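This report concerns only the one structure given below.
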Amino acid sequence: MTDIFSPIQMGALELDNRVLMAPLTRCRADENHVPTDLIAEHYAQRASAGLLIAEATMVMEGNSAFWREPGIYSDAQVEAWKKVTDAVHAKGGRIVLQIWHGGRACHPALNDGRVPVAPSALAITNDQVHTPEGKQNYTVPRELADDEIPAIIEGFAKAAENAKHAGFDGVEIHGANGYLLDQFLRDGANKRTGAYGGPIENRARLLLEVIEAVVNVWGSDRVGVRLSPLNSFNSMQDSDPVGLITWLAKRLNDFDLAYLHLMRSDFLGEQTGDVVTPAREHFKGKLIVNMGYSGDEAEQVITDGQADAVAFGVPFIANPDLPERLKQKAELNQADPTTFYSQAAEGYTDYPTLAEQQAKQEQTSEPA
Ligand SMILES: Cc1cc2nc3c(=O)[nH]c(=O)nc-3n(C[C@H](O)[C@H](O)[C@H](O)COP(=O)(O)O)c2cc1C
């Protein structure tokens, strides 16, 4: 019987199990967006995941949306990512990189005053951004001209090439969570006219062009795409999320991708609906689902055939050995949100495995 511990082939990716690590921005790169040794240690600790999907990584300079998130546009970044992929591979793991453009979520305070770009000149209003000078409101972005779009696509292609040089097993295109590609997809953020605005086929044009460019670098069987049609994080909305995912699920079949990675719900609980059923029905490739899954529910959706794998976010922050813990139905460590973006080793590389916890307990229970 297929369960979450069954191996699976996703395109050219051969995974040992279906407990995957969702991409998690943790702000542990240096001020030049170069990954640190801490990042290598963090991912190596989690190498037992069927697949590690490394955090949102800037495809182009000057588009920082967090403080100290990594990039993949400079030689120094590529060299540093090599250490990460080597460390993961040395432990038998597999790792793809999430390639990303923040669009209107980028902030001038993080980019030497540069104004962010977006499909339309509409700011994020339901949140604030962390900067070295404290929390600030998002700014109104500049609307991209159609003739600026090829440079963005080229940025993704170059990042994909760099990811290859850095030794990744593939890439995931970040089309979720209100960043640039998602801003184009959803009609609450995209008010353009012309080739990239209006009907779904126009709003999806940039995503599809990026996929094509990245597939040209990697081959389709090492490229995945992440989508979040219901997530209202970053002031995102769409008038028809189910229609959007249905259209995209059908259209993505043209690429024969390694996988589609779908977030099923909304961080803020404002938009509801079932996007997993239409995705499963219409997408013919491998489907990864994510958001709020417990081990038991993950087991259920895999055995029922609703999805092929489940990605875990917060549970992987606190449980480097998550697959083993789920196998043993052991208690999970709880993650501390105050250290999610804190830049230090604390709350990043110091969560214990079950074996470490048990060894410690045995030590303390030994008679003196
Ligand atoms: C600290 C933190 C950072 C995140 N960074 C990313 C990211 O870089 N890219 C992305 O697509 N999603 C990101 N997410 C969303 C997670 O990948 C995941 O969708 C979310 O945590 C829900 O899954 P879970 O319920 O298993 O935690 C982040 C979430 C958290 C809590």
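All ligand and atom numbering here is 1-based and tracks the order in the structure. For clarity, every value in this text was computed on a predicted model and none was experimentally measured.
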Distance to the ring centre below 6.0 angstrom and angle to the axis at most 45 degrees; does that hold for Arg26 and Tyr348? no
Which protein residues have a heavy atom closer than 4.0 Å to any atom of ligand 1, listed by chain and number? Ala22, Pro23, Leu24, Thr25, Ala56, Gln98, His174, Asn177, Arg226, Met263, Phe267, Asn290, Met291, Gly292, Phe312, Gly313, Val314, Pro315, Phe340, Tyr341
Does the cation-pi check pass for Arg264 over Tyr293, that is, NZ or CZ under 6.0 Å from the six-membered ring centre and within 45° of its axis? yes
Are Arg325 and Asn319 close enough that a side-chain donor and a side-chain acceptor fall under 3.5 Å? yes
Would you confirm whether Arg18, through its side chain, and Gly50, through its main-chain N or O, come within 3.5 Å as a donor-acceptor pair? no
Please name the pair of heavy atoms, one in His101 and one in Met60, separated by the smallest distance, quoted to 0.1 Å. CD2-SD, 4.0 Å
Note, Leu207 side chain near Phe184 side chain (heavy atom, < 4.5 Å): no
